[in-house]
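Everything quoted here is computed from the prediction, not taken from an experiment.
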Amino acid sequence: MKVSGAKNSVLKLMAAALLAEGTTTLRNCPEILDVPLMQKVLEGLGCYVTIDGPVVRITTPAMPASDADFDAVRQFRASVCVLGPLTARCGRAVVALPGGDAIGSRPLDMHQSGLEKLGARTRIQHGAVVAEADALRGGSIVLDFPSVGATENILTAAVLAQGRTVLDNAAREPEIIDLCEMLTSMGARIEGAGTSTITIDGVERLHPTDHEVIGDRIVAGTWAYAAAMTRGDITVGGISPRHLHLPLEKLKMAGAEIETYETGFRVRMNRRPSAVDYQTLPFPGFPTDLQPMSIGISAVAQGTSVITENVFESRFRFVDEMLRLGADATVDGHHVVVRGMECLSSTEVWSSDIRAGAGLVLAALVSDGQTVVHDVHHIDRGYPRFVENLRSLGATIERVSE
């Protein structure tokens with residue numbers, strides 16, 4: 001199984017195309033619902049966007065519009081990543097407060113504060129964040145938390161600011177490195193990508209580029225945990241195993257055999273998993289996007305696991321649906337204690353976000369009968385051909401309605 005490009009990267013790369021007049025080409029793009037949603041946002045800003053399978057081409061005008069379409073933006077969280085590029089190119093950005101997954105509060109305070117350190121004026125007005133700047137100038141910025149979104153918006157504004165910007169406590173995710181590599185190929189001057197301190201020397205203008213999106217580590221991790229839960233055997237390609245070091249180490253602790261290659265890995269499990277504790281943290285910690293999968297494998301493990309959520313406070317909504325499946329789980333603040341059992345009990349469940357939906361399907365694979373998962377449109381936003389891929393791996397699964 002080869003994974004396609006990362007959802008958490010491609011949408012930010014599409015937004016970064018706003019920084020240069022002309023046509024930018026992105027390859028290895030995932031065929032997920034959020035890509036055409038971002039297409040709609042960019043087209044509302046005056047871009048011409050074509051999607052041809054895994055290839056997305058974005059033609060940006062000499063001066064994009066500064067007001068992002070309200071209805072398009074509020075459908076998904078990643079749309080806020082147009083804030084930095086628009087402020088840099090247009091001197092003004094109006095972006096509706098974004099919607100997306102129901103996994104907790106994700107305010108824009110750090111986005112606004114970072115832009116203000118670069119000389120912008122920001123405010124929340126009529127349900128939108130407004131940023132205005134006569135000219136952006138480099139500055140020293142320290143994030144309270146290594147927010148991926150704030151790091152991205154500050155990066156995409158600072159590349160066109162006058163002078164040097166030093167961003168401390170920056171996010172270190174592989175998707176940040178991917179964005180920096182694309183920006184560098186466009187002519188940006190960036191050092192320190194993948195570390196907690198990123199230095200950006202602003203340039204006068206950027207040019208279009210041709211860039212390949214990195215593989216999706218969360219999709220790859222989902223397949224890895226599916227194999228371990230079902231006592232299966234899977235080889236996943238198109239991803240650097242370094243991007244999943246801790247999740248794969250956790251599977252080893254649970255009893256899985258792991259082999260890694262330059263561009264992939266193999267997971268084999270021939271027994272019931274052992275209980276393992278998890279706590280979500282920014283990269284290189286355990287990804288919050290794989291937290292539902294950690295709960296899923298814990299639900300059928302031998303022993304008791306404690307899962308601690310440190311990133312999104314509402315992500316344990318997923319546990320309510322696991323209880324429907326008969327899981328023995330107790331939520332206590334930002335911890336959940338899961339006592340494993342041999343098998344879950346099939347029923348009807350409802351997904352509340354992308355990863356919860358995928359996690360519920362994996363849990364259904366280790367239940368004792370037929371499980372129906374509702375609201376699977378969430379899964380479409382992050383997993384290309386989810387049902388088809390599971391079926392190819394041997395799962396008995398079908399999609400009965402759109």
Going through the checks in order, is the side-chain contact (heavy atoms from CB on, under 4.5 Å) test met by Ile239 and Phe265?
-> CA-CA 8 Å; Ile239 179 73; Phe265 58 85; 3.9 Å; yes
Test log, rule side-chain hydrogen bond (donor to acceptor under 3.5 Å, both in side chains), inputs Asp289 and Asn8 = CA-CA 10 Å; Asp289 281 351; Asn8 289 337; 3.3 Å; yes
Tell me, with the steps shown, if Asn153 and His111 meet side-chain hydrogen bond (donor to acceptor under 3.5 Å, both in side chains).
-> CA-CA 7 Å; Asn153 266 325; His111 302 245; 2.9 Å; yes
Could you walk me through whether Glu43 and Lys40 pass salt bridge (Lys or Arg N to Asp or Glu O under 4.0 Å), step by step?
-> CA-CA 5 Å; Glu43 288 176 341; Lys40 184 178 178 182; over 6 Å; no
Steps toward side-chain contact (heavy atoms from CB on, under 4.5 Å) verdict (Val166, Asp168) | CA-CA 6 Å; Val166 178; Asp168 281 313; 4.1 Å; yes
Are Arg27 and Asp210 close enough, and set up right, to give a salt bridge (Lys or Arg N to Asp or Glu O under 4.0 Å), and what steps lead you there?
-> CA-CA 8 Å; Arg27 305 183 188 277; Asp210 191 313; 2.8 Å; yes
Evaluate the criterion side-chain contact (heavy atoms from CB on, under 4.5 Å) for residue pair Glu342 and Val366; output intermediate values, then yes/no.
-> CA-CA 9 Å; Glu342 286 279 356; Val366 289; over 6 Å; no
Start with the C-alpha distance between Ser345 and Leu325, add both sets of side-chain angles, then the distance that settles side-chain contact (heavy atoms from CB on, under 4.5 Å), and finish with yes or no.
-> CA-CA 5 Å; Ser345 175; Leu325 288 165; 5.9 Å; no
Report the C-alpha separation of Asp380 and Arg385 in whole Å, then their side-chain angles, then the decisive distance to 0.1 Å, and conclude whether the salt bridge (Lys or Arg N to Asp or Glu O under 4.0 Å) test is met.
-> CA-CA 8 Å; Asp380 298 336; Arg385 299 179 297 281; over 6 Å; no
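Here Arg391 pairs with nothing under the salt bridge (Lys or Arg N to Asp or Glu O under 4.0 Å) rule; sequence neighbours left out. For Thr263, there are no side-chain contact (heavy atoms from CB on, under 4.5 Å) partners at least two apart in sequence or on another chain. Scored by the salt bridge (Lys or Arg N to Asp or Glu O under 4.0 Å) test, Glu257 finds Arg268 as partners (sequence neighbours excluded). Judged as a side-chain hydrogen bond (donor to acceptor under 3.5 Å, both in side chains), and not counting sequence neighbours, Asp109 has no contacts. The salt bridge (Lys or Arg N to Asp or Glu O under 4.0 Å) check on Arg339 picks up Asp328, with sequence neighbours excluded. Residues satisfying the salt bridge (Lys or Arg N to Asp or Glu O under 4.0 Å) test with Arg231, not counting sequence neighbours, are none. Taking Arg57 as the reference, nothing meets the side-chain hydrogen bond (donor to acceptor under 3.5 Å, both in side chains) condition, with sequence neighbours excluded. Taking Ser274 as the reference, Arg271 meet the side-chain hydrogen bond (donor to acceptor under 3.5 Å, both in side chains) condition, with sequence neighbours excluded. Under the side-chain hydrogen bond (donor to acceptor under 3.5 Å, both in side chains) criterion, Glu212 pairs with no residue, sequence neighbours left out.
Between Trp223 and Tyr383, the ring planes are perpendicular. Angles over 60° get that label, and only those under 30° would be called parallel.
Sequence neighbours left out, the pairs with a member in residues 175-198 that pass salt bridge (Lys or Arg N to Asp or Glu O under 4.0 Å) are Glu175-Arg217.
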Distance-only donor-acceptor pairs under 3.5 Å for side chains of residues 331-338, two or more places apart:
residue, atom, partner, partner atom, Å
His334, ND1, Glu309, O, 3.1
His335, ND1, Thr308, OG1, 2.9

What donor-acceptor contacts under 3.5 angstrom involve side-chain atoms of residues 80-95, with partners at least two apart or in another chain?
residue, atom, partner, partner atom, Å
Thr87, OG1, Leu83, O, 2.7
Arg89, NH1, Leu18, O, 2.6
Arg89, NH2, Ala62, O, 2.3
Arg92, NH1, Glu132, OE2, 2.9

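Considering only heavy atoms from C-beta on, Leu42 comes within 4.5 Å of Ile58 through its side chain. In this structure, Ser240 and Pro174 have side chains that are not in contact, with every pair of non-hydrogen atoms separated by 4.5 Å or more. Side-chain contact between Tyr278 and Ile295: absent, with no pair of heavy atoms (C-beta onward) separated by less than 4.5 Å. You'll find the side chain of Asp368 stays beyond 4.5 Å of the side chain of Leu344, heavy atoms only. With a 4.5 Å cut-off on side-chain heavy atoms, Thr165 and Leu118 count as touching. Here the side chains of Pro30 and Val10 are in contact, with some heavy-atom distance below 4.5 Å. By the 4.5 Å heavy-atom criterion applied to side chains, Val159 and Ile190 are counted as neighbours. By the 4.5 Å heavy-atom criterion applied to side chains, Ile200 and Arg164 are not counted as neighbours.
A donor-acceptor contact closer than 3.5 angstrom is absent between the side chains of Asp277 and Ser305. Between Gln370 and Ser346, the side chains place no donor N or O within less than 3.5 Å of an acceptor N or O (distance only, hydrogens not considered).
When atom types are taken as modelled, the side chain of Thr60 and the backbone of Ala17 share a donor-acceptor pair closer than 3.5 angstrom. Put simply, the side chain of Asp34 never gets that close to the backbone of Leu37: no donor and acceptor are under 3.5 Å apart. Within the 3.5 Å criterion, the main-chain N or O of Ala6 finds no donor-acceptor partner in the side chain of Ser9. Judged purely by atom type and a 3.5 angstrom limit, Thr195 uses its side chain to pair as donor or acceptor with the backbone of Thr197. The main-chain N or O of Val213 is found under 3.5 Å from a side-chain atom of Asn28 such that the two form a donor-acceptor pair. Looking only at distances, a side-chain donor or acceptor of Asn310 sits under 3.5 Å from a matching main-chain atom of Thr280. At least one donor-acceptor pair under 3.5 Å links the side chain of Gln39 to the backbone N or O of Val49. Side chain of Asp375 to main chain of Trp350: no donor-acceptor pair is present (N/O by atom type, distance under 3.5 Å, no hydrogens or angles).
Pairing each heavy atom of Ile354 with each of Ile379, the nearest pair is O-CG1, 4.2 Å. For the pair Ala356 and Ser351, the tightest heavy-atom approach, listed with the atom from each and the gap, is C-CB, 4.4 Å. Nearest heavy atoms, Ala150 versus Met110: CB-CB, 3.9 Å. The two residues Leu160 and Arg205 have their closest heavy-atom pair at CD2-CA, 3.9 Å.
Considering Asn389, Val3, Leu362 as possible partners of Thr222, the one that fulfils the side chain to side chain contact (heavy atoms under 4.5 Å, CB included) test is Leu362.
Heavy atoms of other residues, nucleotides or ligands lying less than 6.0 angstrom from OH of Tyr48 number 12 at most. Around atom NE2 of His377, more than 12 heavy atoms belonging to other residues, nucleotides or ligands sit under 6.0 Å away. Within a 6.0 Å radius of CD in Gln125, more than 12 heavy atoms belonging to other residues, nucleotides or ligands are found.
No cation-pi contact links Lys250 to Phe286, judged by a cut-off of 6.0 Å to the six-membered ring centre and 45° from its axis.
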